[in-house]
Amino acid sequence: MTGPQPKTFLAGAKLLWRRQRVLWLVYAVNFLLALMAARGFSGLAGKTLNHSLAADQLVHGFNLERLLELASMPDSPVRGSLTSTFYFSVTFAVFMLFATGGILTSFYEDRRLEGGPFFEACANTFWRFLRLVLYLVVALIPAGILTAIGGSLHRRIDAQSISPYPAVIFVAGAAAVILLVLMCTRLWFDMTGVIAVAEYERKMHRALRRSARLMWKNFGSLFWLYLRITLAGWVIFGMGIYLWIFHVQPEAILQAFLLGQALVFVGLATRLWLRASEALWYRQHLAAFFASAPAVASAVLPSRAIGATPLTSETN
Amino acid sequence: MRFLRWAFVFAAAAILSPGAIGAQARKGVARKAANAVAQDTSAAPKQPLSVRVVAYEITARLDPAKHTITASEVLTYHNLTGQPQQTFPFHMYLNAFQPQSTFFNEAARDFPDHAWEPENYGSIRVTRLEVVGAGDLTNQLQFIHPDDDNANDRTVAQVRLPKAIPPGADVQFKIEFEDQMPLVVARTGYIRDFFMVAQWFPKVGVWWKGAWNCHQFHFDTEFFADFGTYDVKLSVPQNEIVGAAGDLVASASNPDGTKTLEYHSEDVHDFSWAASPSFTAVEDSWTGSAGTVQIHMLMSPGNMRSAPRYLQALKGTMTVFDQWIGPYPYDRITVIDPPHGGWDAGGMEYPTLFTADNGWYFPKWILLAEDTVEHEYGHQYFQGMLATNEFEEPWLDEGLNTYLEAKVMNALYGKGTSFVYTIAATGGNDDSRRAFYLSRPDTDPIARLGWLFYDDQAYGAILYGKTTMVLLTLEKIIGEETVRRALHTFFLRYRFTHPTGDDFVKTVEEVSGRDLKWYFDQALYGTAILDYEILDADSEPLDSAKPEAGGAKSKKELYRTYVTVHRKGDFVLPEDIAIKFDDGQIVLEHWDGRDRWVRYQYDRPAALVSAEVDPGNEVWLDRNLFNNSYRVQADTSAQKKLGNFWLFLSEWFAQILAWIT
C-alpha cells in the first residue's frame, strides 16, 4: 500500500449507524437468549426469595454473604442455572458465526439487506466462517504458549525477587504482550472474514495468507483503528459501570436494568463498529489500489471486489 | 468518605463499650498508680504468672545459605506430676515435613493435586541426648506414633531414663540437634532470605489427666505445651534483622561476621522467631491496664503500606481485649509480615509473636489485613495464656477466638461492614464466618479430636464457623453481655493453665446462672442441623363475616389466620415468632421448639401480612435464613434485581464466547 491510509474511524461509526438494523438484530438475539437463561434463574430465585423477608437484605444494599448463602443452598438458583446459561451462550456464539457473513455483506456493500438476502448471505458464508473459527483455534495456540511461558517466568521471578513488584511488573508487561497478540490475531481473522465476503474467497487458508500480507503492509493503520475503537468501547463501558455502582440506588431495579442493557448494547455496538470499520477500510483500500493501478487490478481482482455490484447468490 | 467511615467505627466502638471514656479516664489514674508501685518494687523479683514446669536454654546458629539451624538445648523439667516419671516424650515437629509423615498423608488426602517439592522437606535430627546423672541416652530415643500408628511418622520421640525422677524433683536434658528448614510450608520454613522458625526444637510433652499428652504433628493442629521460661541465644549473620518471642537482653558481635542475640521469655509455652535482612522495623507502643506494651513490627519489602493498617487493627484489638477479656501481661508483642510467596507462614500465632498476612494486591475495602491481625492477637489469650489442648479440643482456641474476632471486628469496623466495605456491596465478619459454617455444617461435632475431622474444610467450617455461630446464638439465650462476662471470667480463672471444654461450659453456666446442658449437648457434641421454617401461613375471611348476597359488608371483616412453624432439623431451640397483621398489630409467640411443628390460629378483624421465626435474627445457627419468614404478598424486588444481574452476566458471557467468531 503506497497511497494514503483510509480514514475509517468515524466513517465506520457512521456506517454502523446507517446499517443499525444488524446491530438491533444481534442485540435482540443476545437479549432473548440471555432472557431465557435468566428466566430459569429468576424462577428458582423467586421460589426462595419472593415470600421471604430475608430477601430485603439483597434489595436494600447488597449483602454479599446473603448472596453467597443463596448460592450455597441445595436448591441454589446459581447452580440450577449455570448449565442453561452456558448453552444459551453457546447458541448465541453459533448465531454470531452464522450471522457474520450477512453482517459483513451489509457493511461491505453499505446497503440494507432485507431478510431473504441477509440470511442468504449468512448461509452462503457459514461454512467458510466455521472453517475460519477452526483456523482461529490453531492460531491461538501461540498465545496459549506465550501465556504458559509467561506464567513460568512469573513464578521464577516471583520466587527469586525479594520485592513483589518485579513479578507484578512482569505480569503487567506479559499481559500487555498477550493482549496485543490476541488483538492482532483477532484483527487478522476479522480482515480474513472481510476478504472472504468481499472477494468470494472460499479457500480460507488463501484468504488468511492474503489478509496476513495486508496486515503486514498496513499494520499501523489497521491496528490503530482496532485499538481506538476497542478503547472507546471500554471507556464507555467503564463509565457505565461507574454510574451503576455510584449513582444507581440499590433499589432502583428498572434503572439498573436499563443501564445494564445500554452497556450490553455498547459492547455489541463496539464489536460491530469494528467490523464495519474493517469492511470500510478494505473497500477504501481496494479503491485506492485501483485508482493507482487500474490495469493490474482488473487483471487480478474480480470486479465485485470493489463493492460496486450487490451480492446476488453463491453456492458452497 | 474515609473520615465518615472511621467516625462510624469509633462511634460503634463507643456504643459497644458503655462508659468507655469514663473507664479510660479511671484506668489512666489507676495506671499511674500501678506504674508508681512498679517503680517502687522494681528491684523485687517478679512473681511468676504461671506454674513454670519447664525451663529451656537454647543456643542456636542459623546458616542462611544451607537453611539449617545447629543448636543445643538444656531443658530442665520440674516433675510436678505428683508421681515418679521415667519416660519423657518430645515433639520433633520439623520431621512432619518428610514423605509419608502423618502431616503429609493428611495433606495429600485433602489436597491430592498439590505438588510437594523436595525443597518442602524439612527435618530435625537429634545428634546427642544426655540426661544429667544418667549419661548419653541418644540411642534410647525412639519414635512413637500415639495417634495413628503411622510407622513413618517421626514427629514424636520418647526416651526412657534408667531411673525414675521422683515427684518434685528436676531432671535436666542436654540435647544437641540440627534443623533443616523447609521451603516455607505449614507456618514454618524459609523463602529467599526470610526465615520463619517455629516448632523447631525438641519440646517435651505435657503430663495431663494422668498421662503424657504428646500428639503427632497433624495438618491442622500442633499446640499443647507447659508454661515455663525460655533463654535463647541466636547467632545469625550481622545483616539479619530478627524478631523473636522474647525480650532482647543482650547482643554481641562475633569475630566470624555473625552476631549473637540473647532473648528471655517467661510464662509462655513456646518460642519462635523470624529473621531476614530485608525486614523494615516499625516500632510503636500501646498502653493497657497492665502497663505499656512495645509493638515491634517487621515488614517485608513491598508491603510497607500495610503497616499502618496492621498497627491500627492491633491497637484497636488490644484495647477491646483489655476491656472485654482481661489484661495483656507481657511487655512486648512482635508482628512478622511474611514476604510475598511466603503466605504459608502468614496468619499464625505464637506466644508474644504472630505473623500477619496481607498481599499487596488486596484492596483496602477487603479487611483481610485487619482481620488477620485481630485474629492472631486474640490467640495471645485463647491458646497463648489459656493454654488449651489444641489437638484434642481445638474449638477452645480457634472457635472462641473466631467468635471474639467477629465481635471485635464489628466493634472496630462496624457491623455489616467489618469484612467487605464498598459502596456496591458490604459484608460483616460474622456473616463471613456464617458462610464458612454453611460450607460444611454437619460432618463433625465441634468437640472432636483435631485430626479426626472429615477434612480440612470441615475442620475450618466447624471449628471457626460453627463455634462462632454457637456463641452468637448463645447470646440470644443468655444475653450478649453475659457471654462476654463468661469469657472474661473464663480467662481470669484459667489463664496460664490448661482448661478444658467442660471448664468453659461450667463457667458459662455459672456466670449465666442457667443450666445449658441441653444447648451445649446439641451444639458442641452433636451434629444436628438447626433449621426452623414457616411451613405455611395464610388468612381466610370467616364465612360468618362474609357479606350476604345483596347485603351490606360487615364493618370489620373477620379473618381466620393460621401460621405453621416447622422444625426441619433435629436441633431443638426455643423460638420466637412474630406474626404481623394488616392493621399494624404484631403478635409475638414463643415456642419451645420441641415438637416437629406448631400451628397458631387467630380469628381477628385483620389479615395476615407476614410471619417470621426469630424476628430479631439472633439464631445464627439456623442453616437457612430465607425460610424463616413468609409474607403473604409476594415481593419480587429481589428476584428482579438478581434476575437482572443474571441477565446482564449471561449477555456478556455470550458476547465473550462470540468473540471467537
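What you see is a predicted model, and the numbers here were worked out from it, not measured in a lab. Naming: A, B, ... by sequence-line order, numbering from 1 per chain.
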Would you say that B/Thr661 contacts A/Phe129 through its side chain, given a criterion of any heavy-atom pair below 4.5 Å between the two side chains?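 No, too far: nothing below the 4.5 Å cut-off.
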
Mind checking whether A/Phe31 and B/Leu647 have side chains closer than 4.5 Å, heavy atoms only?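 They are in contact (side-chain heavy atoms under 4.5 Å apart), so the answer is yes.
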
Reported [atom1]-to-[atom2] distance for the pair [X] and [Y], which is rounded to 0.5 angstrom:
X: A/Glu69; Y: B/Arg623; atom1: CD; atom2: CZ; result: 11.0 Å
X: A/Leu32; Y: B/Glu651; atom1: CG; atom2: CD; result: 9.5 Å
X: B/Asn644; Y: A/Gln255; atom1: CG; atom2: CD; result: 11.5 Å
X: B/Arg192; Y: A/Ser163; atom1: CZ; atom2: OG; result: 9.0 Å
X: A/Leu53; Y: B/Asn628; atom1: CG; atom2: CG; result: 9.5 Å
X: A/Leu70; Y: B/Leu625; atom1: CG; atom2: CG; result: 11.5 Å

Sub-3.5 Å donor-acceptor pair from the side chain of [X] to the main-chain atoms of [Y], do we have one?
X: B/Lys641; Y: A/Ala256; answer: no
X: B/Ser650; Y: A/Ala34; answer: no
X: B/Arg631; Y: A/His51; answer: no

Among [options], which residue forms the greatest number of heavy-atom pairs with chain B at distances under 4.5 Å?
options: A/Asn30, A/Leu58, A/Thr100, A/Leu132; value: A/Asn30
options: A/Ile253, A/Val94, A/Leu44; value: A/Ile253
options: A/Leu130, A/Asp190, A/Thr185, A/Val78; value: A/Val78
options: A/Ala55, A/Ala45, A/Ser89, A/Ala38; value: A/Ser89
options: A/Leu140, A/Asp56, A/Val90; value: A/Asp56
options: A/Leu254, A/Leu67, A/Asp158; value: A/Asp158

For [X] and [Y], work out which heavy atoms get closest and say how close.
X: A/Ile162; Y: B/Pro301; answer: CG2-CG, 3.2 Å
X: B/Phe648; Y: A/Leu263; answer: CE1-CB, 4.0 Å
X: A/Arg186; Y: B/Trp659; answer: NH1-O, 2.6 Å
X: A/Leu49; Y: B/Leu642; answer: CD1-CD1, 3.7 Å
X: B/Ala435; Y: A/Glu65; answer: CB-CG, 4.4 Å
X: A/Pro164; Y: B/Gly302; answer: CD-CA, 3.9 Å

Using non-hydrogen atoms and a 4.5 Å limit, figure out which bit of [X] sits close to chain B: side chain, backbone, both or neither.
X: A/Ala159; answer: backbone
X: A/Thr91; answer: neither
X: A/Leu268; answer: both
X: A/Arg275; answer: side chain
X: A/Pro77; answer: neither
X: A/Tyr27; answer: side chain
X: A/Val248; answer: neither
X: A/Leu82; answer: both
X: A/Phe237; answer: side chain
X: A/Val26; answer: neither
X: A/Thr48; answer: both

Tell me, for [X] versus chain A, whether the close heavy atoms (under 4.5 Å) come from the side chain, the backbone, both or neither.
X: B/Glu612; result: side chain
X: B/Arg434; result: side chain
X: B/Asp635; result: both
X: B/Ser610; result: side chain
X: B/Ser278; result: side chain

Just give me the residue among B/Ser629, B/Gly643, B/Ala658 that pairs up with chain A most often, heavy atom to heavy atom, under 4.5 Å.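 It is B/Ser629.
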
What residue, out of B/Ser637, B/Gly416, B/Gly341, has the most heavy-atom pairs lying under 4.5 Å from chain A?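 Ranked by contacts with chain A, first place is B/Ser637.
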
Just checking [X]: does its [atom1] atom have more than 12 heavy atoms from other residues, nucleotides or ligands closer to it than 6.0 angstrom?
X: A/Met183; atom1: CE; answer: yes
X: A/Tyr165; atom1: OH; answer: yes
X: A/Arg156; atom1: CZ; answer: no
X: B/Gln457; atom1: CD; answer: yes

Go through it in stages, so that I can follow the logic: the residues are A/Ser42 and B/Trp646, the test is side-chain hydrogen bond (donor to acceptor under 3.5 Å, both in side chains), and I'd like the CA-CA distance, side-chain angles, deciding distance and then a yes or no. CA-CA 8 Å; A/Ser42 186; B/Trp646 198 262; over 6 Å; no

Under the criterion side-chain contact (heavy atoms from CB on, under 4.5 Å), I'd like the reasoning laid out for B/Asp431 against A/Arg66: C-alpha separation, chi angles, the key distance, then a yes or no. CA-CA 8 Å; B/Asp431 277 325; A/Arg66 210 54 71 234; 3.4 Å; yes

Proximity of A/Trp244 and B/Phe645 rings by center, below 6.0 Å: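 They qualify: ring centres under 6.0 Å apart.
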
